[in-house]
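For reference, the structure is listed below as structure tokens.
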Amino acid sequence: MASAQPAAGATRASQGPAPAPANAPLLAVNNIEVIYNHVILVLKGVSLSVPEGGIVALLGANGAGKSTTLKAISNLLKAERGEVTKGSIEYRGERVDTLTPNDLVRRGVIQVMEGRHCFGHLTVEENLLTGAFTRADGLSATRADLDLVYSYFPRLKERRSSLAGYTSGGEQQMTAIGRALMSRPKMILLDEPSMGLAPQLVEEIFEIVARLNKQEGVSFLLAEQNTNMALRYAGYGYILENGRVVLDGSAGTLSQNEDVKEFYLGMGAGGRKSFREGKHYRRRKRWLA
Amino acid sequence: MGPFIEVVLGGLLAGVLYSLVALGFVLIFKASGVFNFAQGAMVLFAALSLARLMSDELTVAHYLGAAAVLGLAVGYGVVAAWRRLGPASAPGPRVGWGVIAAFALIGVAVAASFGVRGWPGWVAIPAAAAIMGLLAVAIERLVLRPLVNQEPIILFMATIGIAFFIDGFGQTIWGSGIYNLPLGIPKDPMFLLESVFDGGILVNKLDIFAAAIAGVLVAVLAVFFQKTRIGRALRAVADDHQAAQSVGIPLNQIWIIVWTVAGFVALVAGIVWGSALGVQFSIALVALKALPVLILGGFTSVPGAIIGGLIIGMGEKLAEVYLGPTLGGGIENWFAYMLALVVLLFRPQGLFGERIIERI
């Protein structure tokens, strides 16, 4: 779990961007609480960490707080009148909870939002180019990265000049991920890439995520409802329920865990259970962090 | 044939004037999805600033203040360009503000040493542009930022408030009379093609000047929106605020930029309208004529604003001249709105508006 002490983080931050120790996580979320509209308590103390070069899955049902956690990290929360009221978020040992999304993208943390959110009236290529907005390293570098994105997503190259609004769901998801890549990220916060996509496409997207992780060294924090798929590609996982982390462990341990099997993978030991029994079981075995 | 062409040409050139106002609406609507009710007020404010800075009837404080604003804008431009071109050597925020403040002081000092009153056009126009930029910053800080991610209707209501404020504020600081713009733009009529038609075609030189300006403006804006990094970001913000934020496009800066550009367009419209009618409160109402232009051309299309303006200008002149005798005249006043109504019935996105993309 998050091992960085707050005091240590503070001194490191005051010394400027010194390289973090090798064992320090790339991203550390320490016990954050998020409140929307000053009244709605959504996250009740979530802690997690993402190691450099890792893929970490954030699992849970609807409304568990996965997207809120990602938005708290990328600081898109403010636009939805949400606020981190307790805890801290550190990226490479630097407190980042007060930065703007723009600052974070410049530091290499970018979110791919749930539901893709492509710019419908821009072409696919223009969508990709908007991802390079924060970069100041010149046109040729941007062009080179555009080719890189096309090499990962050849389909986008074919559709480069069509309006993104008219492309298919899978192509939009690819556009959204490609757009994030154009900012040269170190870490992508990927929110529900499988949403609304055919199983075959989901597989394709996850395959590309794994390749990006391996070849480009991009770390991923992946919020997913498709537990099965996420645990196959992630190294570590956290399970959120009602705004709390109720369970965490390596992907292997999680997928062997009886409760995870029961609740999230739909293959409990005692064969299929009726929905009513499931609810009952859930109440009895309430997880508290 | 001669009179017909004269009516058409006169209508087209009058239409250009509508287009200039409509352009400002399109810019803000495109980039932020907000219908800016205050565009007319901005035209008035820009024209008033310019006309009054060129006059010598104000207090010294007015001129020195305007000089400070101009210096501020120049300083800001210098620091911004520095940060963009040489990020390594660029000054930090504190030094940056120091540089900007220094420029403002230099502005005041230069204005004071040259005898402050009655600025020539080549100083007054940049100063008015700088004032519009400052106005954009103020609008972003005080109105748009607290309302981020609210419904479009709320932002629209806010712009109505801005319109009333700017109307009053402009007349408070600059005066509420009728002023002329001594920019030396020719206003006298002239005759074209006298050899072809008997008596030639009567046109106003001011209209031709306005048409030339509109042409240049549209070309510049088209390139800006389609080809530049900032232009692309503006269109991205128009499509999806949140997604734009997620890729690191800072909404606050984008809004300042787009309101500034709309302010520049308002200044251009103010120069042309102010030369034609004199700078007075009624040019704020010109914005109402821009509404049918927008509906016809489409709220999101820069060429649409121009062509919509031309069609409306030509249509109302033709209707006045050829239908006027049968319908009893005064058609010019309502023709544009009727045309807009018909367009709304058959093509609600306008002639050139962005297609409404719906996937099922």
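Residue numbering restarts at 1 for every chain, and letters A, B, ... go by the order of the sequence lines.
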Is the count of non-hydrogen atoms from other residues, nucleotides or ligands lying under 6.0 Å from B/Arg145 atom CZ greater than 12? yes

Kindly compute the distance separating CG (B/Asp239) from CD (A/Glu126), expressed to the nearest 0.5 Å. 10.0 Å

Sorted by chain and residue number, the salt bridge (charged side-chain N to carboxylate O under 4.0 Å, His left out) partners of A/Glu216 (sequence neighbours excluded) come out as none

With chain A, the option among B/Ala236, B/Pro250, B/Ala233 that has the most non-hydrogen atom pairs under 4.5 Å is B/Ala236

Partner of B/Val247 under side chain to side chain contact (heavy atoms under 4.5 Å, CB included), chosen from A/Met113, A/Gln111, A/Arg179: A/Arg179

What distance do B/Ser246 atom OG and A/Leu70 atom CG have between them, rounded to the nearest 0.5 Å? 11.5 Å

Heavy-atom count check: over 12 atoms from other residues, nucleotides or ligands less than 6.0 Å from A/Phe133 CZ? yes

Chain B heavy atoms under 4.5 Å from A/Ser183: which part of the residue, side chain, backbone, both or neither? neither

Enumerate the ring-ring contact (aromatic ring centres under 6.0 Å, His included) contacts for residues 224-260 of chain B, please, sequence neighbours excluded, ordered by first and then second residue. B/His241-B/Trp255

Can you tell me how far the CG atom of A/Asn102 sits from the CD atom of B/Gln245, to the nearest 0.5 Å? 9.5 Å

How far does NE2 of A/His117 sit from CD of B/Gln242, to the nearest 0.5 angstrom? 6.0 Å

Option in A/Leu104, A/Leu129, A/Thr134 with maximal non-hydrogen atom pairs under 4.5 Å from chain B: A/Leu129

Euclidean distance, B/Ile249 CD1 relative to A/Phe119 CZ, rounded to 0.5 Å: 5.0 Å

Should the heavy atoms of other residues, nucleotides or ligands under 6.0 Å from CZ of A/Arg81 be counted, would the total exceed 12? no

Would one find more than 12 heavy atoms of other residues, nucleotides or ligands at under 6.0 Å from atom CZ of A/Arg107? yes

Check this for me: A/Gln215, atom CD, are more than 12 non-hydrogen atoms of other residues, nucleotides or ligands nearer than 6.0 Å? yes

